[in-house]
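See below for the structure under consideration.
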Amino acid sequence: KDYPMALEYYQKALKLYATIGDKGGMASAYNNMGNAAYPQPLPKAKGKEESGMELSTSDRYQIALDYQHKGLRLREEINDRIGVAASYNNIGELYILIVEQMINQPGNQSSFFLDSALYLQRKALAIQQELSDKYGMTYSLYGIGRVLEKNSNYHDALIYYLKAAAYSDSVGAKAQLRKSSEGLYNCYKKLGNHKEALHWHEEAERLKETIFSEERQKELGRLEASHE
């Protein structure tokens, strides 16, 4: 995926939404910008262009967090509770990714970020349960499971991953089901339950192939349509 190109388009969309005063659209644009900001290096920062320095990983995560917080504030202003919960999920996910970058770094603050991530995922889940947002719940349940797994609390992580898998299956969220299956594989493997670990590993691989096949078919469909 071309994340820098996507980020450029989201920035253009943000300007258009701002011009017409569409706060919901602006919030979505910030959300998308936050999601596009960290998967790979961004263009050089304005203050670093002359020195030729690229943005560091920590810079990219900070930019992503800034975008997500801006989107969250807008969603709070317009009382978009489903959007607020999604922003909590996204910020919590970023905190987990930051922790993964801290591995083997002396004196890191991983416990702070994991506690913050867990707090946000639980806040999101409470909103989603109140609104019966089953699709949103797949993200919160998975996010809680990830934090518990990071804290080596594998038994409790299993509970949340299983719930996330069940909800993902019920709403047809294959990508979320694949991620939950991978979490279940990791936890069962850590606990020495090789039978269940193998089952969920095979499930994750099956879903990975299914998702790839479906995306490939969509891409072929777009190519065919462009030549008609």
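Below, all heavy atoms of this structure are taken into account, side chains as well, without hydrogens, waters or symmetry copies. Keep in mind the model is a prediction, meaning the values are calculated, not measured.
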Under 3.5 Å, side-chain donor or acceptor atoms of residues 14-22 against the rest of the protein: list the pairs with distances, not counting sequence neighbours.
unit_1, atom_1, unit_2, atom_2, d
Thr19, OG1, Lys15, O, 2.8
Asp22, OD1, Gly24, N, 3.2
Asp22, OD1, Gly25, N, 2.9

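In this view, Lys190 satisfies the side-chain hydrogen bond (donor to acceptor under 3.5 Å, both in side chains) rule with no residue, not counting sequence neighbours. Under the side-chain hydrogen bond (donor to acceptor under 3.5 Å, both in side chains) criterion, Arg122 pairs with Tyr160, sequence neighbours left out. Looking at residues two or more places apart in sequence or on another chain, you find a side-chain hydrogen bond (donor to acceptor under 3.5 Å, both in side chains) between Arg75 and Ser87. For Tyr88, the ring pair (Phe, Tyr, Trp, His ring centres under 6.0 Å) test picks out no residue, with sequence neighbours left out. Legend: residues meeting side-chain hydrogen bond (donor to acceptor under 3.5 Å, both in side chains) with Asn31, ordered by chain and number and at least two apart, are Asn90. Annotation: salt bridge (Lys or Arg N to Asp or Glu O under 4.0 Å) contacts of Glu77 (sequence neighbours excluded): Lys23. Legend: residues meeting salt bridge (Lys or Arg N to Asp or Glu O under 4.0 Å) with Glu8, ordered by chain and number and at least two apart, are Lys12. Evaluation of the salt bridge (Lys or Arg N to Asp or Glu O under 4.0 Å) rule for Lys189 yields no partner, not counting sequence neighbours. By the salt bridge (Lys or Arg N to Asp or Glu O under 4.0 Å) test, Glu214 pairs with Lys174, sequence neighbours left out.
By the 4.5 Å side-chain criterion applied to Ile, Leu, Val, Met, Phe, Trp and Tyr, Leu177 is assigned to a cluster that also includes Leu207.
Salt-bridge annotation for Arg178 and Glu203: absent, with no side-chain N of the basic residue lying under 4.0 Å from a carboxylate O of the acidic one.
Sequence neighbours left out, the pairs with a member in residues 121-145 that pass ring pair (Phe, Tyr, Trp, His ring centres under 6.0 Å) are Tyr135-Tyr139, Tyr142-Tyr161.
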